[in-house]
Amino acid sequence: MARYIFITGGVVSSLGKGLASAALGALLQARGYTVRLRKLDPYLNVDPGTMSPFEHGEVFVTDDGAETDLDLGHYERFTGVAARATDSVSSGRIYSTVLEKERRGDYLGKTIQVIPHVTDEIKAFLEIGAGETDFMLCEIGGTVGDIEGLPFFEAIRQFAQERPRGQCIFMHLTLLPYVSASRELKTKPTQHSVKELRSIGIAPDVLVCRTEHPIPEKEVQKIALFCNVRPDAVIPAMDLKSIYEAPLAYHEVGLDQAVLDAFGIHPAPRPTLDTWREVVDAIHNPDGSVRIAVVGKYTQLEDAYKSIAEALTHGGVHSRVKVEAEWLDSEVFERENPAPYLEGFNGILIPGGFGERGTEGMINAARFARERRVPYMGICLGMQMAVIEAARNLAGINSAGSEEFNHEAGDAKFEPVIYHMKEWVEGNRTIKRHHTDHKGGTMRLGAYNATLAEGSRVAEIYGTTAISERHRHRYEVALQYKDKLEAQGLRFSGMSPDGKLPEIVEIPDHPWYVGVQFHPELKSKPFEPHPLFASFVQAAVEQSRLV
Ligand code: GLN
């Protein structure tokens, strides 16, 4: 039976709970334990799949097809443990399950209430897979005191109370603001946040305090006394240059030791941290740098392309270069020539996205990359735009477009090079879709296999012709244009195993030009960079030597 670590936050949001959880997971693994990380989000959306990236940052997709919070991306990047659909839940999902049961009559006429029905459903979620792992780390989204979060806090309180002593601990993240006028770190917000937590029956075992300055010993003692935690369980968390320093930094200040002490695990196995030392060394001591332009539409919000930013960093770790990624708004390239903006970059990446806005600019950027022979990586929408670009400018199909932006029926002047998928095969089932379907959870989601053409660039990069990658799309490259496009040099080098869905296109006669229908960034890790990102960054390094 797993030991549970519940991770909560107080004072303000965005304290880095996800990162602290992920780093702690990595540290427990370094001591030889197995871990699984979970996220419980208080919002009412059933999942973040229907939320705009501006609202919630990137949607992270699991192999089993769930659209989840981006913190699951951190968990995977730090632990290498593939997240599952059952590692992410929201109030919306919990309530919809409860209401479905109520409609079915499962509650046998009872009055349905937050306690016990909603809390029972949350506890059942926590329990899934408990026998499979040594530690289950469960992060509660939001901050203590949020109305929406209350059922989750109540559920974890009950859960811990119902287990044998020592099986669950609580770790709480807070902020120690620095008041420069008096040159002091202030502990009061932390005290209040812990008070709030204790008023709902949860006493933290470990306090992680975000701070810009080292915490003086006197303040550590004060926090310990007023918050009722042991002084060595007051863990300072200072800002880091790279998130990948987090496991080593947290280890140095004793986080993993404090957690194991709270469980009463003595003696604790010693950690092996060499992998993290190597990753951090490559990040801190690069042999050069490359500039990559990421041309997309959600460029104002860093979190919107979180996994892409991280995967580029991992590619840099592989080539021991610093990747300087710059986010450029593709809408600009609808009005202006992209050349002056894009000259000087060693690689161009067009990421995924939804809707028409900015897509003509992406097409112009893809054209620039193709014609100027700059390494190009197109991901999902970025692949689709590259195909439209090639259709228009190489194959002479001037009206090539996507059904995502043009009306599906009846526009005679429009050639749907990218069409709305109506059916595809998943295992031994055929999935059918109609454009009137609900938007939530109806895309082609999760891991699907693809077969790579022998002798193609991608087969060489992957070192195999059979791959599995994660998908999240509703539209697809139409097969009937394959011959025309291949005749012009755009090779369809990866296909679904049944040969119906194009998965990868590449231009063999180009230094590096690859478009993929899937999201390779979701599977990249600092200690195991995704082969496409490693190869793309290496191509950018080679390009930088030419200029
Ligand atoms: N909007 C496109 C589609 O649904 C691309 C999706 C994406 O980039 N993730 O197919």
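Indexing begins at 1, ligand by ligand and atom by atom, following the structure's order. Note that the coordinates shown come from a computational prediction; the quantities given were computed from them, not determined experimentally. We number each residue from 1, following the sequence as shown.
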Pairwise side-chain contact, E404 with E356, heavy-atom cut-off 4.5 Å (strictly under) = no
Can E476 be said to touch ligand 1, with heavy atoms closer than 4.0 Å?
-> no
Proximal ligand 1 atoms for H519, defined as those under 4.0 Å from one of its heavy atoms | 9 (N)
Among protein heavy atoms, which sits nearest to atom 5 (C) of ligand 1, and what does the distance come to when rounded to 0.1 Å?
-> G353 O, 3.4 Å
Considering the heavy atoms of E404, write down every atom of ligand 1 situated less than 4.0 Å from one of them.
-> 1 (N), 2 (C), 3 (C)
Enumerated ligand 1 atoms positioned under 4.0 Å from heavy atoms of C380 = 5 (C), 6 (C), 7 (C), 8 (O), 9 (N)
Is there a heavy atom of Q517 sitting under 4.0 angstrom from any atom of ligand 1?
-> no
Is the H471 ring parallel, tilted or perpendicular to the Y448 ring (thresholds 30°, 60°)?
-> perpendicular
Validation row: P502, E476 side chains within 4.5 angstrom (heavy atoms) | yes
For atom NE2 of H318, decide whether the heavy atoms of other residues, nucleotides or ligands shown that lie under 6.0 angstrom number more than 12.
-> no
Pull out every atom of ligand 1 sitting under 4.0 Å from any heavy atom of R474, numbered as shown with elements.
-> 3 (C), 4 (O), 10 (O)
Near R472 (heavy-atom distance under 4.0 Å), the atoms of ligand 1 are 6 (C), 7 (C), 9 (N)
Side chain of R470, backbone of V61: donor and acceptor closer than 3.5 Å?
-> yes
What residue and heavy atom of the protein are closest to atom 10 (O) of ligand 1, and at what distance?
-> Y475 N, 2.9 Å
Would you call the rings of F518 and Y462 parallel, tilted or perpendicular, where under 30° means parallel and over 60° means perpendicular?
-> perpendicular
Indicate, with yes or no, if the rings of Y419 and Y475 have centres closer together than 6.0 Å.
-> no
